[in-house]
Amino acid sequence: MAILIRGGTVVNADISKRADVLIEGGTIRAVGANLDAPAGTETVDAGGALVMPGGIDPHTHMELPFMGTTASEDFFTGTSAAAAGGTTMIIDFVIPDPKENLLAAYKKWRGWAQKSAADYSLHVAVTWWDDSVRQDMGTLVAEHGVNSFKHFMAYKNAIMCDDEVLVNSFTRARELGALCTVHAENGELVFHLQREVLKMGITGPEGHPLSRPPAVEGEAANRAIRLAQVLNVPLYIVHNSCRESIEAIARARAEGQRVFGEVLAGHLLVDDSVYRDPDFVKAAAHVMSPPFRPKEHQAVLWRALQAGIVQTTATDHCCFCAPQKAMGRNDFTKIPNGTGGVEDRMGVLWHHGVNSGRLTPNEFVAVTSANAAKIFNIYPRKGTVAAGSDADLVVWDPKKTRRISAKTHHQNVDYNIFEGMEVVGTNAVTLSQGKIVWRDGQLRTEKGAGRYIDRPPFPAYHTALMQKAALERPTPVLREAAE
Ligand code: URQ
Ligand code: ZN
Ligand code: ZN
């Protein structure tokens, strides 16, 4: 059945205009005035509201097996909570154990993700290296719509990549036209500092930020950037939390290097005082990596978002409930790392981004949806309200207030890092694939309705880079390639 969203103002990353939106069969058919709607069309009155692309969260971990337990949010409850907050697509992560076959891990995750209520895609992490990994990366790009490979520079003795793996994987990604993404913390330093902090007798959550100071993130961000520069691959750094990583990205971009950055809603608004809460449950609920930072880093992150030094916002939604966090009751290094936010990202960014004057509504769309769609090569299918695009939209009421609380949120976790925050501006209606999945405070998602979204590689971009490298630094092999 067709849906006509009438009387709203369409807000895309590039422009806002008063227009109606006609949706049929999961696709946007037309955007404009006086649209011919077929008989039986359902009308959604958007008078006075904004009609925006549904949010894309490029960084989530639904039902992730991690640190001896499994994240409490699964793909159905997580994509439902996302829809409740105006996010209509997630990009999650396949994270193979070391020595686990990449294709097997990918198929395992695809099985878990089938229960999703809204569209999703999967980055694949490279956590080890041999020729099978090299082969599987090629198969994943050619046959499974994967165009991004993740590298954890932290988590020693688990999923951490050393420089050898980074060099091999970055080089392979360039051959394939895929994007390299990194979790930038120096895992050797973290491992060392964790032992030092424990030796000082500090075992509580307050030890977590002490073992991962900003310099640990800055070193890894800069190292990843330099590796990418020498290997001529574009780079995407996830969850930048501090001045040190932002400065590394800003320098690289100022030199013309293609480096993208992501910032989490949590790091923009939550500071490290949470770790000094005497209540273990509250402090442990905030243990995630990189940790929440001293307040002064938040201003740097906001300015980086405004200046376009970082392009996307995400949540790193990776939930563990109090009994799971209690695994680290006597040793903070054993507290499962992760916090939630997939339901709240859009609301907190609108309130603290747009209502504060930091971002225009168009910039809000860019950083919550369009930029992620462009960087991960699914624009304009996703990330814009335009004829021919998927009908993933929100009817956004800029005056509607919402108080955020674990008591009322739809996330399957017993804590909310934005607990008690009141935001002005929220989604009155969310549509996924042209169906209303949230309206008047009621979730109407359907398990399994979500689709896996293929993300094509970037061959044109990489070829140009390789030719540039060949011309600038000709070597026998590259010179031939350039001729
Ligand atoms: O590091 C990540 O992104 C995953 C394992 C979620 N946990 C976290 O603390 N960020
Ligand atoms: Zn991470
Ligand atoms: Zn993550």
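Every heavy atom of this structure was used, including side-chain atoms; hydrogens, water molecules and symmetry mates were not. Positions are given from 1, in the same order as the sequence printed here. Counting starts at 1 for both ligands and their atoms, in listed order.
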F332 ring center within less than 6.0 Å of Y275 ring center: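 Ring centroids of Y275 and F332 are no less than 6.0 Å from each other.
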Residue from D57, D454, D119 passing salt bridge (charged side-chain N to carboxylate O under 4.0 Å, His left out) with K382: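 Looking at D57, D454, D119, the match for K382 under the salt bridge (charged side-chain N to carboxylate O under 4.0 Å, His left out) is D119.
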Could you tell me which atoms of ligand 1, counted from 1 in the order shown, lie closer than 4.0 angstrom to a heavy atom of [X]?
| X | answer |
| --- | --- |
| C318 | 6 (C) |
| M288 | 9 (O), 10 (N) |
| G338 | 7 (N), 9 (O) |
| H239 | 3 (O) |
| S289 | 8 (C), 9 (O), 10 (N) |

Is the closest basic N to carboxylate O distance between [X] and [Y] below 4.0 Å?
| X | Y | answer |
| --- | --- | --- |
| R403 | E422 | yes |
| R251 | E255 | yes |
| E217 | R293 | yes |

Side chain to side chain donor-acceptor pair (under 3.5 Å) partner of E343, the single match among H409, H410, Q411: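 So, applying the side chain to side chain donor-acceptor pair (under 3.5 Å) to E343 and each of H409, H410, Q411, only H410 qualifies.
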Among the N, O or S atoms of D316, the one nearest the Zn ion (ligand 3):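 This turns out to be OD1.
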Metal proximity, H59 vs the Zn ion (ligand 2), N/O/S cut-off 2.8 Å: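 Given the 2.8 Å cut-off, H59 does not count as a ligand of the Zn ion (ligand 2).
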Which atom of H183 approaches the Zn ion (ligand 2) most closely (N/O/S):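 Checking each N, O and S atom of H183, the shortest distance to the Zn ion (ligand 2) belongs to ND1.
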The one among F320, F93, Y155, F66 that brings a heavy atom closest to atom 1 (O) of ligand 1: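 Result: the heavy atom closest to atom 1 (O) of ligand 1 is in Y155.
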Would you mind checking which non-hydrogen protein atom is closest to [atom], with the distance to 0.1 Å?
| atom | value |
| --- | --- |
| atom 7 (N) of ligand 1 | N337 O, 3.0 Å |
| atom 4 (C) of ligand 1 | H61 NE2, 3.4 Å |
| atom 3 (O) of ligand 1 | D316 OD2, 3.0 Å |

Test item: R455 side-chain N/O and V146 main-chain N/O as donor-acceptor pair under 3.5 Å: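 Such a contact is absent between R455 side chain and V146 backbone.
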Verdict with supporting geometry, N186 and M153, side chain to side chain contact (heavy atoms under 4.5 Å, CB included): CA-CA 6 Å; N186 182 309; M153 300 170 77; over 6 Å; no
